[in-house]
Visitor: 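My structure is below; once you've seen it, I'll send some questions.
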There are 2 protein chains.
Amino acid sequence: MGNNLPRILIVDDEPAIQRFLRTALDSCEFSLHQAENGHAALAATVTTKPDVILLDLGLPDMDGVEVIRRIRQWSQVPIVVLSVRDREGDKVKALDAGADDYLTKPFGVGELLARIRVALRRSLQQAPEPVYRIDELEVDLARRRVLVRGEEVSLTPTEYELLRLLVVHAGKVLTHRQILKQIWGVGYLEQPHVLRVNISNLRHKLESDASRPHYILTETGVGYRLKAKS
Amino acid sequence: MGNNLPRILIVDDEPAIQRFLRTALDSCEFSLHQAENGHAALAATVTTKPDVILLDLGLPDMDGVEVIRRIRQWSQVPIVVLSVRDREGDKVKALDAGADDYLTKPFGVGELLARIRVALRRSLQQAPEPVYRIDELEVDLARRRVLVRGEEVSLTPTEYELLRLLVVHAGKVLTHRQILKQIWGVGYLEQPHVLRVNISNLRHKLESDASRPHYILTETGVGYRLKAKS
DNA sequence: CTGGCATCTTGATACTTTCTTGATACCTTT
DNA sequence: AAAGGTATCAAGAAAGTATCAAGATGCCAG
């Protein structure tokens, strides 16, 4: 149905919980979708573009925290964790990975609804586009695809991570140290060479003239910057 | 001192809780402020512009939910409720009034900190850093970009540092020695030449007529001054 | 287990930008 | 006109950057 009710994606592998949530939420206020495992959840996040995700941490195929982390690579969609795990460490890990809220089962339906409304309040007031188009360069963070003049370009994992970092901060200067810390870890803080090589490689794949960069600009003595969206 | 630690406003009338929270949060990561009742909380929200508010619902002078409602009339600052009341109805009321999170006492310090980080994440990412606009000159400190008549100007690291210093103190006179110490270090205190060369270079990049400076003004015998914001 | 493949790391080298410095010209005040 | 402070130019030195390519690493398929 092409309605415009708020879309909620329920990620849980237990049919009982799925049923319970559907009953609780199915008052015609929401358009409900579901996924039974982590990979399905990631796919569904791309395809259904939910306004809120209700995520159980105990999934059969991958760790729930990893699901959060992957979604946060490209999306700001509010994630409310529903879990039986009441240990503080679990909560902290999930929240720091990017979750917005954490509810411990069992919880009241009223509270769940209220917390969903909180999440929706934020979701609706900000709708950022997950596809960055800058002149002839197109980066689809959700699908992990990069196009130059319509042609798909294949990047190595490091190259893609580097480009993603630049895209997320498009327009801002990222210092060498910020990039090195983010991608190679604190051990490489004093080793800008590895970064330069990767920037060079990226440019040769993305730019039409690598020696006259159009997208990835050098800020001498400081770092690099991706051209801002026009 | 004009530090920029995240500001947290603690609203609670019990000294014991105040002490507990101050201890828990006082790891030099936050700048803490407090209010003992609802009216003080509203006033403090205006004056200290906190990045997060920790609010106890049981205040002596007015209902906590009413405090939330009043703040929400003009501010989007994240509000995390800390309360002994565990009734679902209380949670729903507070959340629907505009609170972002609701923690029932007793709670773990780790969880509290994690939920504060969640709130800060949102608070900080939607707060754009100020842009200094002085006539036709525009300095965006967050993006490290300088525009003159809409055209981007590229500055060397030293030139940018110098301009940044001037911008931060726009309108005030900075002595030669202050600038030299700040940018070149104490070893250059008696060497104003290097500063003059850089001021000259900056002017040629920013001013339409470098010999008749409009932005970077010379205070003969004293130092330099950037024209104040109009 | 082994070879092949893609990727990552590292070193050498050429190249570019930025910094420093000295020489010199320019104001402005007395 | 002299003096003290200021502005500009340009060249060498220093610092930072780009690129190629060889060796190291790790993974997958046969």
Side-chain angles (χ1 to χ4, degrees), chain A residues 144 146 152-166 173-180 182-226, chain B residues 144 146 152-166 173-180 182-226:
Chain A
R144 206 184 182 287
V146 179
E152 182 157 3
V153 174
S154 97
L155 301 180
T156 72
T158 339
E159 284 164 4
Y160 180 80
E161 274 307 290
L162 181 50
L163 179 60
R164 189 181 66 77
L165 195 62
L166 290 167
V173 177
L174 290 171
T175 67
H176 299 130
R177 300 175 59 88
Q178 283 178 316
I179 302 174
L180 285 165
Q182 189 78 33
I183 296 184
W184 283 273
V186 285
Y188 283 75
L189 271 181
E190 308 304 333
Q191 212 157 326
H193 186 53
V194 63
L195 168 57
R196 297 214 174 93
V197 173
N198 277 276
I199 288 281
S200 173
N201 292 339
L202 251 185
R203 279 180 176 153
H204 280 89
K205 289 185 179 180
L206 305 184
E207 308 270 6
S208 37
D209 179 0
S211 63
R212 242 170 257 278
H214 181 82
Y215 303 116
I216 302 176
L217 309 173
T218 301
E219 299 279 342
T220 308
V222 184
Y224 296 94
R225 182 179 112 231
L226 190 69
Chain B
R144 201 187 180 280
V146 179
E152 184 160 0
V153 175
S154 98
L155 301 180
T156 73
T158 345
E159 284 163 5
Y160 180 81
E161 276 306 293
L162 181 50
L163 178 60
R164 194 180 63 78
L165 194 63
L166 289 167
V173 179
L174 289 169
T175 67
H176 298 133
R177 299 174 59 88
Q178 281 178 317
I179 302 174
L180 285 165
Q182 189 78 33
I183 296 183
W184 283 272
V186 285
Y188 283 75
L189 272 180
E190 308 305 330
Q191 214 158 323
H193 185 51
V194 64
L195 169 56
R196 297 214 173 94
V197 172
N198 275 276
I199 289 282
S200 172
N201 291 340
L202 249 186
R203 280 179 175 154
H204 280 90
K205 289 185 179 180
L206 304 184
E207 309 271 6
S208 37
D209 179 359
S211 62
R212 241 172 260 277
H214 181 82
Y215 303 116
I216 302 176
L217 310 172
T218 302
E219 299 283 341
T220 307
V222 185
Y224 296 94
R225 175 170 63 91
L226 189 70

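Every chain is numbered from 1 and lettered A, B, ... according to where its sequence line falls, protein lines coming before strand lines. Treat the numbers as computed from the prediction; the structure is a model and nothing was measured.
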Visitor: Start with the C-alpha gap between B:I216 and B:E207, add the side-chain angles, then the distance that decides, and say whether side chain to side chain contact (heavy atoms under 4.5 Å, CB included) holds.
Guide: CA-CA 8 Å; B:I216 302 176; B:E207 309 271 6; 4.0 Å; yes

Visitor: Tell me what A:Y224 touches on the nucleic acid: a base, only sugar-phosphate, or nothing, going by heavy atoms under 4.0 Å.
Guide: sugar-phosphate

Visitor: Counting primed atoms plus P, OP1 and OP2 as sugar-phosphate and everything else as base, spell out the protein contacts along nucleotides 5-17 of chain C at 4.0 Å heavy-atom distance: B, S or - for each nucleotide, 5' to 3'.
Guide: --SSSBBB----S

Visitor: Which nucleotide of DNA chain D is the first, and which the last, in the 5' to 3' direction, to come under 4.0 Å of a heavy atom belonging to chain B?
Guide: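 Counting from the 5' end, contacts occupy D:dG5 to D:dC9.
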
Visitor: Looking only at heavy atoms, which two atoms of A:L165 and A:L174 are closest? And how far apart?
Guide: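 Nearest pair, atom of A:L165 first, then A:L174: O-CD1, 3.8 Å.
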
Visitor: Verify the distance criterion only: is there a donor paired with an acceptor across the side chains of A:T218 and A:R203 at less than 3.5 Å?
Guide: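 Yes, because at least one side-chain N or O of A:T218 sits under 3.5 Å from a partner of the opposite role on A:R203.
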
Visitor: For B:N201 and B:E159, work out which heavy atoms get closest and say how close.
Guide: CB-OE2, 3.5 Å

Visitor: If you apply the rule side chain to side chain contact (heavy atoms under 4.5 Å, CB included), what do you find for A:L162 with A:L195, and how did you get there?
Guide: CA-CA 9 Å; A:L162 181 50; A:L195 168 57; 4.0 Å; yes

Visitor: Which distance, rounded to the nearest 0.5 Å, do you find between the CZ of B:R177 and the CD of B:E190?
Guide: 5.0 Å

Visitor: Could you check A:I183 against A:I179 for side chain to side chain contact (heavy atoms under 4.5 Å, CB included), going step by step and ending with a plain yes or no?
Guide: CA-CA 6 Å; A:I183 296 184; A:I179 302 174; 4.2 Å; yes

Visitor: Run the salt-bridge test on A:R225 and B:E152 with the 4.0 Å N-O cut-off and return the result as yes or no.
Guide: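 Answer for the salt bridge query: yes.
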
